[in-house]
Visitor: 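Sharing a structure with you now.
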2 protein chains.
Amino acid sequence: MQHNPKKINSELNPNVSVDCVIFGFDLEQLTVLLIDRGEISSAFGPRLALPGNLIYDNENLDMAADRVLDELTGLKNIYLEQVGAFGDPDRIHKESDREWLKSIRAEPEARVITVAYYTLVTMSQYKPQASSFAKNADWVPVNEIKELAFDHFEILQAAKEKLKQKIKIQPIGFNLLPEKFTLSQLHRLYESILEKPLDKRNFRRKIQKLDILTSLREKQRGVPHKPSLLYEFNEEKYQELTQTGFDNFGF
Amino acid sequence: MQHNPKKINSELNPNVSVDCVIFGFDLEQLTVLLIDRGEISSAFGPRLALPGNLIYDNENLDMAADRVLDELTGLKNIYLEQVGAFGDPDRIHKESDREWLKSIRAEPEARVITVAYYTLVTMSQYKPQASSFAKNADWVPVNEIKELAFDHFEILQAAKEKLKQKIKIQPIGFNLLPEKFTLSQLHRLYESILEKPLDKRNFRRKIQKLDILTSLREKQRGVPHKPSLLYEFNEEKYQELTQTGFDNFGF
DNA sequence: ATAGCTTTGTGTCAAATTTACACTATCCAA
DNA sequence: TTGGATAGTGTAAATTTGACACAAAGCTAT
């Protein structure tokens with residue numbers, strides 16, 4: 001007798017969800033794309049939450065995160081990194097949380113374990129999608145976020161920490177910037193991720209030594225001060241580097 | 001109508017398991033505690049697997065990992081770090097895998113997502129427990145492991161990598177050593193975790209500068225060569241350090 | 001008791017990296 | 001033309017890294 005794995009697998013898994021910390025950079029500070037759950041929940045707890053959804057039984061975890069991201073932003077092939085699994089049995093305790101879960105088709109009685117991801121997107125490429133919950137999404141500067149629904153604030157902290165560690169080891173920050181950017185923007189980006197000031201000259205020296213920037217012959221326009229040279233990220237050089245193995249990017 | 005969360009929660013969650021990479025150090029090399037799944041599975045695939053089990057609906061993930069660890073080793077309060085969630089829908093594909101899952105009460109048709117942990121234990125404190133599956137557990141040097149059941153080899157690689165990164169940032173290695181140890185043993189430990197040779201004098205200089213070692217007035221006994229001084233890990237100093245924040249331990 | 005084996009324990013110097021720090025150049029706007 | 005704002009640049013001192021060799025201590029076998 002032949003059994004049909006499709007049938008089994010194409011169902012929603014009621015026990016496992018993914019949540020995404022979608023980082024952006026508005027050229028001033030690090031921001032996160034959050035969902036406003038609306039009035040219903042506001043009387044009970046924080047309105048804002050990380051975007052997320054239950055996984056399907058036939059997709060792997062990364063795919064589920066990609067899907068959530070795509071539904072919300074329309075973006076594909078985005079830098080994605082797993083933060084970890086979060087699963088306190090009492091992580092969903094408020095009535096408003098149960099209501100919310102019903103609205104995304106989850107069984108509110110069941111315990112849900114969530115696998116958290118963080119992603120890095122270029123904010124200027126983001127266009128809100130038509131999907132129901134995407135309408136209420138908005139960017140919020142990370143250091144203005146004081147609380148989130150469920151255990152999402154905890155997840156956010158963990159994601160920030162992971163990002164901090166990662167950027168000391170690999171130049172992933174470019175995923176947050178437009179194609180052309182200035183050294184000052186890159187500088188501010190590093191400062192806002194690491195949450196500490198970095199000496200301008202030392203930063204520039206260090207980043208230049210990596211030899212993954214291509215200086216364009218183009219300047220900033222329309223700024224009320226000396227215009228900056230624009231740079232491009234040089235993917236080839238970066239590939240070379242990762243081959244030969246590099247580690248130290250410590251700020 | 002009152003519902004009883006206990007009833008719901010005390011059941012096994014058929015969809016989520018934890019697997020533990022239990023690291024030990026035999027004073028020569030890094031080892032991992034593996035389960036031998038026995039003859040039944042040997043015809044189909046690797047006999048060796050990471051210890052793991054389904055989680056209960058009323059325990060959080062860390063607790064589940066602690067439980068697995070306790071059942072297997074009798075050890076409590078062990079250094080525990082999450083590696084991440086692994087959940088390819090096809091991670092269980094062999095008939096032998098299904099048999100094995102049945103034996104630990106899992107539903108073999110269901111997709112299982114596993115949350116992987118690594119733990120650091122002092123090998124000399126380990127005494128095999130009476131539990132059924134613990135009888136077939138044994139230490140295997142990490143660099144002799146070429147394959148494991150399910151996706152456990154992949155998990156092992158990820159755990160090794162995490163450990164490598166972590167030990168560059170925090171002196172967690174002491175969890176793998178007995179209370180009293182020599183600098184040479186610590187040295188070999190770092191080499192086997194980082195999988196590269198470290199200059200003896202430079203290593204000693206660096207580790208001493210951290211100021212978290214207490215030199216005992218005691219020497220090694222019964223070794224056929226110049227006996228080494230014994231050292232102790234100084235937890236107080238370490239706490240001080242972590243407060244003031246320290247990062248750089250890079251080798 | 002001695003010779004030989006094995007591992008411990010130690011210092012220095014050159015090179016590279018890190019840190020701290022201030023002024024001129026360029027563009028826009030008034 | 002002046003004032004405001006940010007871009008862009010160099011150096012010197014301190015610290016850290018990396019490379020490298022030999023005497024001391026205990027055990028074993030003769």
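Excluded from the calculations below are hydrogen atoms, water molecules and symmetry mates; all remaining heavy atoms, backbone and side chain alike, are included. So you know, we letter chains A, B, ... as the sequences are listed, proteins then strands, and number each from 1.
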Visitor: What is the nucleic acid contact for B:Leu229, judged by heavy atoms within less than 4.0 Å: base, sugar-phosphate only, or nothing?
Guide: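 Sugar-phosphate: the residue B:Leu229, judged by heavy atoms under 4.0 Å, touches backbone atoms but no base.
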Visitor: Applying side-chain contact (heavy atoms from CB on, under 4.5 Å), can you list everything that pairs with B:Ala116, at least two apart in sequence or on another chain?
Guide: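 By the side-chain contact (heavy atoms from CB on, under 4.5 Å) rule, B:Ala116 matches B:Val83, B:Phe86, B:Ile155.
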Visitor: To the nearest 0.5 Å, how far apart are CG in B:Leu34 and CG in B:Leu156?
Guide: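 So the CG of B:Leu34 and the CG of B:Leu156 are separated by 7.5 Å.
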Visitor: With no hydrogens and no angle check, just 3.5 Å: does a side-chain donor-acceptor pair link A:Asp19 and A:Thr114?
Guide: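 Yes, because at least one side-chain N or O of A:Asp19 sits under 3.5 Å from a partner of the opposite role on A:Thr114.
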Visitor: Counting distance alone, no hydrogens or angles: does the base of C:dA22 have a donor or acceptor under 3.5 Å from a partner atom on the side chain of A:Arg201?
Guide: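 Checked by distance alone, the answer is yes.
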Visitor: Without decimals, in angstroms, what is the distance between A:Asn202 CG and D:dA13 P?
Guide: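 So the CG-P distance, A:Asn202 to D:dA13, works out to 16 Å.
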Visitor: Would you kindly give the CD-to-P distance between A:Gln208 and D:dA7, to the nearest whole Å?
Guide: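 Value for this atom pair: 14 Å.
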Visitor: Separation of A:Arg204 atom CZ from C:dA20 atom C1', in whole Å?
Guide: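 About 17 Å, once rounded to whole Å.
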Visitor: In this structure, how many angstroms lie between the P atom of C:dG9 and the NZ atom of B:Lys206, rounded?
Guide: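 Those two atoms, NZ and P, are 20 Å apart.
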Visitor: Does A:Ser228 make a side-chain N or O approach to OP1 or OP2 of D:dT6 shorter than 4.0 Å?
Guide: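 For D:dT6, neither OP1 nor OP2 has a side-chain N or O of A:Ser228 closer than 4.0 Å.
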Visitor: Expressed in angstrom and rounded to an integer, what is the separation of A:Lys196 atom NZ from C:dT18 atom P?
Guide: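 Taking NZ of A:Lys196 and P of C:dT18, I get 12 Å after rounding.
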Visitor: Please give, in whole Å, the distance from D:dG18 C1' to B:Leu198 CG?
Guide: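 Distance, rounded to whole Å: 12 Å.
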Visitor: How would nucleotides 23-30 of chain C be written as a contact map, 5' to 3', with B for base contact, S for sugar-phosphate-only contact and - for no contact, using protein heavy atoms under 4.0 Å?
Guide: --BBBS--
Visitor: Starting from P on C:dG9, measure out to CG on B:Leu230 and report it in whole angstrom.
Guide: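 Rounding to the nearest Å, CG of B:Leu230 and P of C:dG9 are 9 Å apart.
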Visitor: Quick one: is D:dT6 close enough that its OP1 or OP2 comes under 4.0 Å of any side-chain N or O from A:Ser184?
Guide: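 The answer is no; no side-chain N or O of A:Ser184 sits under 4.0 Å from OP1 or OP2.
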Visitor: Could you give the CD-to-P distance, from B:Gln185 to C:dG9, as a whole number of Å?
Guide: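 Computing the B:Gln185:CD to C:dG9:P distance gives 11 Å.
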Visitor: Would B:Arg188 pass as a cation-pi partner of B:Phe203, given that its NZ or CZ must be under 6.0 Å from the six-membered ring centre and within 45 degrees of the axis?
Guide: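 No.
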Visitor: Using the benzene-type ring in the case of Trp, are the ring centres of B:Tyr231 and B:Phe181 under 6.0 Å apart?
Guide: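 B:Tyr231 vs B:Phe181: aromatic centres not under 6.0 Å.
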